[in-house]
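Scroll down for the structure; my scribbles are underneath it.
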There are 2 protein chains.
Amino acid sequence: MSNAQAPDRTSRREQILKEAARLFAERGFHGVGVDEIGAAVGISGPGLYRHFAGKDAMLAELLVGISERLLAGGRMRVAEGGESPEAVLDALIDGHIDFALDDRPLITVHDRELDRLREADRKRVRQLQRQYVELWVEVVRRVHPGPSESQARAAVHAVFGLLNSTPHLGRPGALPGRTEMAELLHRLALGAFGAVAGEPVTGESVGAGVPGA
Amino acid sequence: MSNAQAPDRTSRREQILKEAARLFAERGFHGVGVDEIGAAVGISGPGLYRHFAGKDAMLAELLVGISERLLAGGRMRVAEGGESPEAVLDALIDGHIDFALDDRPLITVHDRELDRLREADRKRVRQLQRQYVELWVEVVRRVHPGPSESQARAAVHAVFGLLNSTPHLGRPGALPGRTEMAELLHRLALGAFGAVAGEPVTGESVGAGVPGA
DNA sequence: AGATGAGGTTAACGCCCATTAACCCGGATG
DNA sequence: CATCCGGGTTAATGGGCGTTAACCTCATCT
């Protein structure tokens, strides 16, 4: 047996997964070859097959991994339960924002390449996603009891789209830094949720009497 | 010379583009073969080359087309200029929602496959996108003068993510119908923009005292 | 020291797929 | 009537790429 459990820093597998995620995000699953992935970690081509059954296996592990971490994180935050539902929602939002800002490539791959998975894996990922959504829906409905469940669900989907928008950003510089960005996204998400209920807004009901030019 | 300008209903080219968009959205650019695209319009394989220079050309025309239509629509709505900036923003939002709901596949392809384009086309698309964003930024800043320009830009990006979230929706039934969905998205977008400025929200400041059950 | 196995390497195989070649047909043109 | 030519067809070509085969080389264990 061996006792050396810290080969370097991160195990080779994780290093590969990280680079694969980045490449998949940049050019799509079909767009990147195994040789490139190998090159990205210093080995070349088929050497990857010592660590993964194939290219598909890497994608599967990535997607299942993300989904599990997201759900686990969400459950944790709900379980820790703040004093108020509002606090829980805040925690959920912050958690998701951290994820979106830190693991940008994963987010991208997450909702781009789901259908390249084998039936079994895809089902698993979808199930995890669904549970994560329902987690949010419950909390949102606790904070905003007005709207129907389907409205709440659609709103949650939409807010995910909002929070996951960071990958689509242009070159940095025209945009706020990380902390400011996190702040902003948080406000935007809360603002959106706050508007789920309410009369058919016509734009007047939000712009707080700003005269403008 | 010919005078027959209405071959059937939509020209063959457009029919091909439509199917190609659907397929690209479903399985990604690299994921679908020319034979499939051909089959989708009743001809098979290389017959497509009578209409397009190649697979890439289809993608290019799709992406440039979307971007141009979005920008043109946006400019039109701004030019028609409602009485108030608020009305213009409403119009922009509605326009984008119509687009997101009606041309779902295009939206998907839009921000998935941009990098598969030839340098020239990609530059053009990016430029159109940028102009579209700036159009929104101006209007948003007119309605909400508080926040900085970079904040406004980030908010616009985020709201695009929100509005474009429809493609990611699960199977229909768990979600509102089209008109209700449009209504909801509109409210969410306004809610988000309304929250761009404002003190560091903690969740309490939004739940508008709805007593509920 | 010798065995072993983890982790690489390069070469070869085979499939998939975009593109091209070569050929075909029916209708408008003149 | 002969001629184009737009719009198809199938067969061939060629490159890219995932995967497998065969071989190599250190650490580590006995």
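Not measured: the values here are computed from a predicted model. To find a chain, count down the sequence lines: A is the first, B the second, and so on, and within it residues start at 1.
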Tell me whether the side-chain N/O atoms of B/His51 come closer than 4.0 Å to OP1 or OP2 in D/dG8.
yes

Nearest-Å distance, [atom1] ([X]) to [atom2] ([N])?
{"X": "B/Phe29", "N": "C/dC17", "atom1": "CZ", "atom2": "P", "result": "13 Å"}
{"X": "B/Phe52", "N": "C/dA18", "atom1": "CZ", "atom2": "P", "result": "15 Å"}
{"X": "A/Lys55", "N": "D/dC17", "atom1": "NZ", "atom2": "P", "result": "9 Å"}
{"X": "B/Ile43", "N": "D/dG8", "atom1": "CD1", "atom2": "C1'", "result": "8 Å"}
{"X": "A/Asp56", "N": "D/dG18", "atom1": "CG", "atom2": "C1'", "result": "9 Å"}
{"X": "B/Ile16", "N": "D/dG6", "atom1": "CD1", "atom2": "C1'", "result": "13 Å"}
{"X": "A/Leu48", "N": "C/dT10", "atom1": "CG", "atom2": "P", "result": "13 Å"}
{"X": "A/Phe24", "N": "D/dC17", "atom1": "CZ", "atom2": "C1'", "result": "13 Å"}

Can you find a heavy atom in the side chain of [X] that is under 4.5 Å from one in the side chain of [Y]?
{"X": "B/Leu114", "Y": "B/Gln129", "answer": "yes"}
{"X": "A/Arg75", "Y": "A/Leu71", "answer": "yes"}
{"X": "A/Leu62", "Y": "A/Phe24", "answer": "yes"}

Tell me what [X] touches on the nucleic acid: a base, only sugar-phosphate, or nothing, going by heavy atoms under 4.0 Å.
{"X": "B/Gly54", "answer": "sugar-phosphate"}
{"X": "B/Val32", "answer": "sugar-phosphate"}
{"X": "B/Gly33", "answer": "sugar-phosphate"}

Are B/Arg112 and B/Phe29 in a cation-pi contact, defined as NZ or CZ under 6.0 Å from the six-membered ring centre and within 45° of the axis?
no

B/Pro46, nearest nucleotide to its side chain (from D/dT10, D/dT19, C/dG8):
D/dT10

Polar side-chain contact A/Arg50-C/dG8 base: donor and acceptor under 3.5 Å:
yes

Distance only, no hydrogens: is a donor on one side chain within 3.5 Å (strictly under) of an acceptor on the other, for A/Gln15 and A/Arg12?
yes

